[in-house]
Amino acid sequence: MRTRRVVGNWKMNGALAGNAALLGDCASAFPYVSGSAAPGVEVAVCVPFPYLAQARDLLSGSAVRWGAQDVSIHTSGAYTGEVSAAMIADFGASFVIVGHSERRAHHCESSALVAAKAAAALSAGLTPIICLGETLEERETDMTEVVVGGQLSVCIEVLGHEHLAQCVIAYEPVWAIGTGHNATPDQVQSVHAFLRARLGPAGASVSLLYGGSVKASNAAELFAMPDVDGGLIGGASLKMADFEPICRAFG
Ligand code: PGA
């Protein structure tokens with residue numbers, strides 16, 4: 001059984017005052033209803049580390065979950081500036097994004113490091129949201145499946161199918177992130193079907209999210225694709241008027 005999810009990725013945005021309004025609106029839009037996720041969809045927001053406590057305080061008691069955007073591979077000790085999975089879990093978080101293309105590009109994160117981060121998250125009881133995706137040049141040279149297949153293979157080798165079954169995977173073509181150019185539903189479905197097949201037995205339970213310029217106006221057609229289980233939403237997760245309709249865009 002695959003869970004339908006919409007996860008906001010705030011990236012390096014926010015401030016205490018504005019967050020309070022956004023988180024409060026999220027909590028009221030998706031209240032906790034005993035025995036079921038309110039809209040049949042799991043909604044979450046991944047906030048910058050300093051705001052984890054604020055997310056916990058304002059979302060506890062609602063149906064909305066929260067998480068972080070990166071995690072250390074280390075558990076504790078002399079790693080200045082790093083944040084461990086246990087620390088994130090300490091704030092009641094459910095998720096951590098790993099391997100976002102912005103981290104792969106700006107922080108030279110390899111697929112092996114991303115897989116190790118996913119393993120660290122799992123061992124602290126967090127669900128990693130593992131991001132994969134090709135650049136425009138790779139798509140234009142027909143390398144999409146080679147690239148995303150390679151990124152996924154490293155996760156399969158490091159985590160094994162059993163642990164991978166507990167992860168969420170987000171396909172985020174680099175050329176569609178923050179550009180306003182989303183992949184077409186057919187392009188997304190084709191990569192998701194490829195990834196699902198590669199996941200083997202884990203494919204039956206893993207949520208495959210699409211990310212890259214998802215908006216209220218295109219979410220429904222993307223989420224209607226058979227192998228798309230929801231979205232990882234950047235810019236449009238920063239305003240409730242944009243985020244809420246995306247969370248409700250499942251047919
Ligand atoms: P975007 O970002 O929705 O602003 O394109 C998505 C992401 O980077 O996760």
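For ligands, and for the atoms within them, numbers begin at 1 and follow the listed sequence. We count residues from 1, following the sequence as given.
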Item to check | Residue pair Glu172 / His100, side-chain donor-acceptor N/O under 3.5 Å | outcome: yes
Item to check | Pair Arg104 + Glu109, salt bridge at N-O below 4.0 Å | outcome: no
Which protein N or O atoms sit under 3.5 Å from any N or O of ligand 1? Give atom names and distances.
residue: ligand 1; atom: 2 (O); partner: Lys11; partner atom: NZ; Å: 3.4
residue: ligand 1; atom: 3 (O); partner: Gly234; partner atom: N; Å: 2.9
residue: ligand 1; atom: 4 (O); partner: Gly235; partner atom: N; Å: 2.9
residue: ligand 1; atom: 5 (O); partner: Gly178; partner atom: N; Å: 2.6
residue: ligand 1; atom: 5 (O); partner: Ser213; partner atom: N; Å: 2.8
residue: ligand 1; atom: 8 (O); partner: Lys11; partner atom: NZ; Å: 2.7
residue: ligand 1; atom: 8 (O); partner: His100; partner atom: NE2; Å: 2.6
residue: ligand 1; atom: 9 (O); partner: Asn9; partner atom: ND2; Å: 3.3
residue: ligand 1; atom: 9 (O); partner: His100; partner atom: NE2; Å: 3.3
residue: ligand 1; atom: 9 (O); partner: Glu172; partner atom: OE1; Å: 3.3
residue: ligand 1; atom: 9 (O); partner: Glu172; partner atom: OE2; Å: 2.7

Checklist entry - Are Asp70 and Arg103 ion-paired here, with the side-chain N under 4.0 Å from a carboxylate O? => result yes
Checklist entry - For Ile169 and Ser207, what are the C-alpha separation, side-chain angles and deciding distance, and is it a side-chain contact (heavy atoms from CB on, under 4.5 Å)? => result CA-CA 6 Å; Ile169 298 207; Ser207 294; over 6 Å; no
Next on the checklist: Can you tell me how far apart CD (Gln54) and CZ (Phe91) are? Round to the nearest 0.5 Å.
Outcome noted: 12.0 Å
Next on the checklist: Any carboxylate oxygen within less than 4.0 angstrom of a Lys/Arg side-chain nitrogen, looking at Arg4 and Asp229?
Outcome noted: no
